[in-house]
Amino acid sequence: MKNLFALVDCNNFYVSCERVFNPRLEGRAVVVLSNNDGCVIARSNEAKALGIKMGAPAFQHKDLFRKNGVLVYSSNYALYGDMSQRVMETLGRFTPRIEIYSIDEAFLSLEGFDSTSLTEYAHLIRSTAKKWTGIPVSIGIGPTKTLAKLASKVAKKYRKLNGVFDLTDHPAMEKILDSVDVGDVWGIGPRYRTFLVRHGIRSALDLNRAGDIWVKKHMTVMGLRTVKELRGIPCFGLEELPVPRKGIMSSRSFGRPVESLEELKQALATYVSRAAEKLRSQRSAAAIVHVFLLTNRFKPREPQYGNSSTAILPIPMDYTPNLIRWAHRQLGKIYKPGYRYKKTGVFLTEIVPRDRIQLNLFTQNYPHEKNRKIMRVVDLINARWGTDTVRYGAEGTQKEWKMRRNLLSPRYTTQWSEIPVVKSE
DNA sequence: TCTGGGGTCCTAGGACCC
DNA sequence: TCTGGGGTCCTAGGACCC
C-alpha cells in the first residue's frame, strides 16, 4: 500500500499554550523565553512581524519589547508538557498509527485512508484539536515525511489554505518545491544551506534534482535520504514506539556565576537526580557518568575554563544517591578554584535495561531491594506532588544558583488540580 | 546584569588483531 | 627495487532536529 503521512504541527506552540489560559494575549505580540530567560524560543505571528528572530537574546531586545508592548513570558514546561499530551491524545483519535515527534509535532499515518477526502479529514482534525485543546495546528500531507513537513510549511504560509495542505501527486509539485528555500527542507541546517547555495542549489526543487553521488559524497547517506524523500521515495518510516534513550543529559545554566565547589556540588546533585529519574522512568540503568563544567563563554575578558570527566561504574546503576556520589567524585577531579562558572551538568551513557544487568562475583544481590523500594517511593511522590517534593540533602536548600524565571505564568493545569495516575509495576 | 537544553546519526581516523 | 592488508572497535567531531 502507498505510504501517506500527515505532519501535524502546533502553531507557535508555547505562545499558544499561554494564550489558552490568558485570552488577553490574542492578537498581541507575545514571546516565550528559554531557561534563564535567555533567548526567544517561541513567537506569536505578531512578534514575528516585528522582526524578532528565533533564538534572539532577550536582553538585546528589551527596548523593542517595551516600545511595541511585546508580552514576555518565561518558559513553563510543566504547562506545555501537559498541553502537548492533550493535543497528542486528540490526534490519536484520528489514526491508529501516530508518532509523537516532538513536544509540538506528530506524524500520522494515513495509509489506506480515502485519498480523495484527505484535505477534508485534515480540516476535521484541525478543528477538533482547536475545540478540545484550544491549540491551533497546521497539517501537511505527503507521500514521505519530508514532503509532509514541507507541505505543513506551505499550509502555514498561505492564509487561504486554512492550515491544511496536501502535496500528494500535486499537479504543481515542481512549482511548489521551487518556492521553498533549500534551508527550509527538513534535514538541511544552516551549514548545508550555505554549502548548497554556493553550489547553485537554492530551492527544494534544485535539491530534488541534485545528483545522488555528489549528494552522498558531500552530505553523507543522510543527505541522500533527504533528497530521495523529496522525490517521493520514503526513507524514513513511522516510529510509533518511543525508543529508549541511549544517553540522558541534565544540565542548566546558573542564574548567577558560581565559584564554590560546594554550590557546584549542590547544582550537580540536582541534575543527577533529574537524570536518574528519567533513567528509572524508562526502566534502565547507566554504566557511565560524564560530568562537565564551564565558565561563561560570552565573557571573553573573564578567565575561561571548561572540562569534563568520565567515570566507568563497576556496574550499571539507577540509585540516585550512588550516582550523586560518583558524579561528585568526577567533579572534584576537574574543579579549579578561581573561576566564575556558568554551567555544570551530567550525561549518563552505556544505558542498559535494568533487569538485564550483568552481575559479577562481588554483586550477588544487586540491585538492593531496599534501594529500589526507596527510589520507587520517591518517584511516586514526586510524580504526584511535583518534582522536588522529595529531594536529597546534597541538592542543598537555598539554591541561589537556580535559573531565573521571572516572568512565569501560573501552573494552570498541573498545580493541585491534577493527580497523575501512576501505574504499578 | 543578560546569550537554552536535550537529543540523533554518520564519518574519519587511530588502535589493535591476525 | 619500492615499507602488507583487511576487519573491527572505539572516539572525536560535525552535521542535524526541536
Side-chain angles (χ1 to χ4, degrees), chain A residues 7-10 12-14 31-42 52-63 65 72 74-77 80-81 84 99-107 145-146 149 152-153 182-196 215-226 229 235-236 239 242-257 267 270-271 274-275 278-279 282 288 290 292 294-300 302 308 310 312 340 342-351 402-407:
Chain A
L7 186 269
V8 183
D9 190 346
C10 300
N12 316 329
F13 183 55
Y14 298 166
V31 298
V32 174
L33 305 182
S34 65
N35 285 331
N36 257 320
D37 296 340
C39 302
V40 173
I41 52 169
I52 300 166
K53 294 276 179 280
M54 190 71 172
F59 77 94
Q60 289 176 357
H61 288 309
K62 281 243 158 80
D63 286 346
F65 292 165
V72 183
S74 300
S75 40
N76 185 344
Y77 287 104
Y80 311 149
S84 172
E99 171 186 341
I100 297 170
Y101 176 67
S102 72
I103 194 163
D104 67 339
E105 284 173 64
F107 286 103
K145 282 179 157 184
T146 303
K149 271 274 213 184
S152 84
K153 296 229 177 204
V182 71
D184 287 336
V185 173
W186 190 42
I188 306 299
R191 287 292 173 88
Y192 281 151
R193 194 195 109 92
T194 307
F195 170 80
L196 290 168
V215 168
K216 189 172 175 195
K217 182 173 165 207
H218 293 103
M219 302 167 67
T220 82
V221 296
M222 294 301 284
L224 185 56
R225 282 179 200 153
T226 294
E229 287 240 322
C235 297
F236 305 115
E239 288 168 24
V243 187
R245 301 271 84 87
K246 292 173 186 167
I248 292 173
M249 166 113 77
S250 179
S251 79
R252 293 280 183 286
S253 298
F254 302 129
R256 60 154 174 83
T270 305
Y271 309 147
R274 288 298 85 73
K278 287 189 213 168
L279 193 62
Q282 66 170 49
I288 290 187
H290 308 270
F292 62 89
L294 289 173
T295 51
N296 189 344
R297 69 195 158 97
F298 291 107
K299 294 194 169 169
E302 288 187 7
S308 68
T310 299
I312 299 167
R340 289 158 63 79
K342 176 66 178 170
K343 191 178 195 176
T344 183
V346 64
F347 188 37
L348 305 175
T349 59
E350 287 293 287
I351 289 174
K402 262 180 82 165
M403 64 183 182
R404 286 182 303 275
R405 296 169 88 188
N406 296 328
L407 312 159

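Predicted model only: the values in this text are computed from it and were never measured. Letters A, B, ... are given to chains in the order of the sequence lines, protein chains preceding strands, and every chain is numbered from 1.
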With under 30° as parallel and over 60° as perpendicular, where do the rings of A:Y77 and A:Y80 fit, or are they tilted in between?
perpendicular
Assign the ring pair A:F107 / A:Y101 to parallel, tilted or perpendicular, where the plane angle (0 to 90°) is split at 30° and 60°.
perpendicular
Closest non-hydrogen atom pair between [X] and [Y], with its separation:
| X | Y | result |
| --- | --- | --- |
| A:N76 | A:R405 | CA-NH2, 4.0 Å |
| A:E105 | A:K149 | OE1-NZ, 2.5 Å |
| A:I103 | A:Y14 | CG2-OH, 3.8 Å |

Is the closest side-chain heavy-atom distance between A:K153 and A:W186 below 4.5 Å?
no
Is there side-chain contact between A:H290 and A:S308, with heavy atoms separated by less than 4.5 Å?
no
Contacts of A:F254 and A:P244 projected onto DNA chain B by closest heavy atom; the upstream (5') one is A:F254
Of A:V221 and A:R404, whose closest DNA chain B nucleotide lies nearer the 5' terminus?
A:R404
Proximity to the side chain of [X] - top-ranked nucleotide from [options]:
| X | options | result |
| --- | --- | --- |
| A:K299 | C:dC18, B:dG5, B:dC2 | B:dC2 |
| A:N296 | C:dC18, B:dT3, B:dG4 | B:dT3 |
| A:N35 | B:dT3, B:dT8, B:dG4 | B:dG4 |
| A:W186 | B:dC2, C:dC18, B:dG4 | C:dC18 |
| A:K343 | C:dC18, B:dC2, B:dG5 | B:dG5 |
| A:Y101 | B:dT3, B:dG7, C:dC17 | C:dC17 |

Starting from [atom2] on [N], measure out to [atom1] on [X] and report it in whole angstrom.
| X | N | atom1 | atom2 | result |
| --- | --- | --- | --- | --- |
| A:I41 | B:dG6 | CD1 | C1' | 12 Å |
| A:L294 | B:dG4 | CG | C1' | 13 Å |
| A:L33 | B:dG5 | CG | P | 13 Å |
| A:K145 | C:dC16 | NZ | P | 19 Å |
| A:K62 | B:dT3 | NZ | P | 10 Å |
| A:M249 | B:dG4 | CE | C1' | 11 Å |
| A:E239 | B:dT8 | CD | C1' | 10 Å |
| A:M54 | C:dC17 | CE | P | 12 Å |

Between [X] and [N], is there a side-chain N or O to OP1/OP2 distance below 4.0 Å?
| X | N | result |
| --- | --- | --- |
| A:R252 | B:dG6 | yes |
| A:K278 | B:dG5 | no |
| A:R256 | B:dC2 | no |
| A:K342 | B:dT3 | yes |
| A:S75 | B:dG4 | no |

Hey, does [X] reach any base, or is it just sugar-phosphate, or nothing, if we go heavy atoms under 4.0 Å?
| X | value |
| --- | --- |
| A:D37 | nothing |
| A:R225 | sugar-phosphate |
| A:I103 | nothing |
| A:G247 | sugar-phosphate |

For A:F59, enumerate each residue passing the ring-ring contact (aromatic ring centres under 6.0 Å, His included) test, keeping only those at least two apart in sequence or located in another chain.
none
Paired with A:N36, the side-chain contact (heavy atoms from CB on, under 4.5 Å) test is passed by just one of A:S75, A:S74, A:S253, namely A:S253
Give me the distances for all protein-to-nucleotides 9-15 of chain C N/O pairs that come in under 3.5 Å?
| unit_1 | atom_1 | unit_2 | atom_2 | d |
| --- | --- | --- | --- | --- |
| C:dA15 | OP2 | A:R191 | NH1 | 2.2 |

With both distances under 3.5 angstrom, what nucleotide forms a Watson-Crick or G-U wobble pair with B:dC18?
C:dG5
Separation of the C1' atoms in C:dG4 and B:dC16, to the nearest angstrom
15 Å
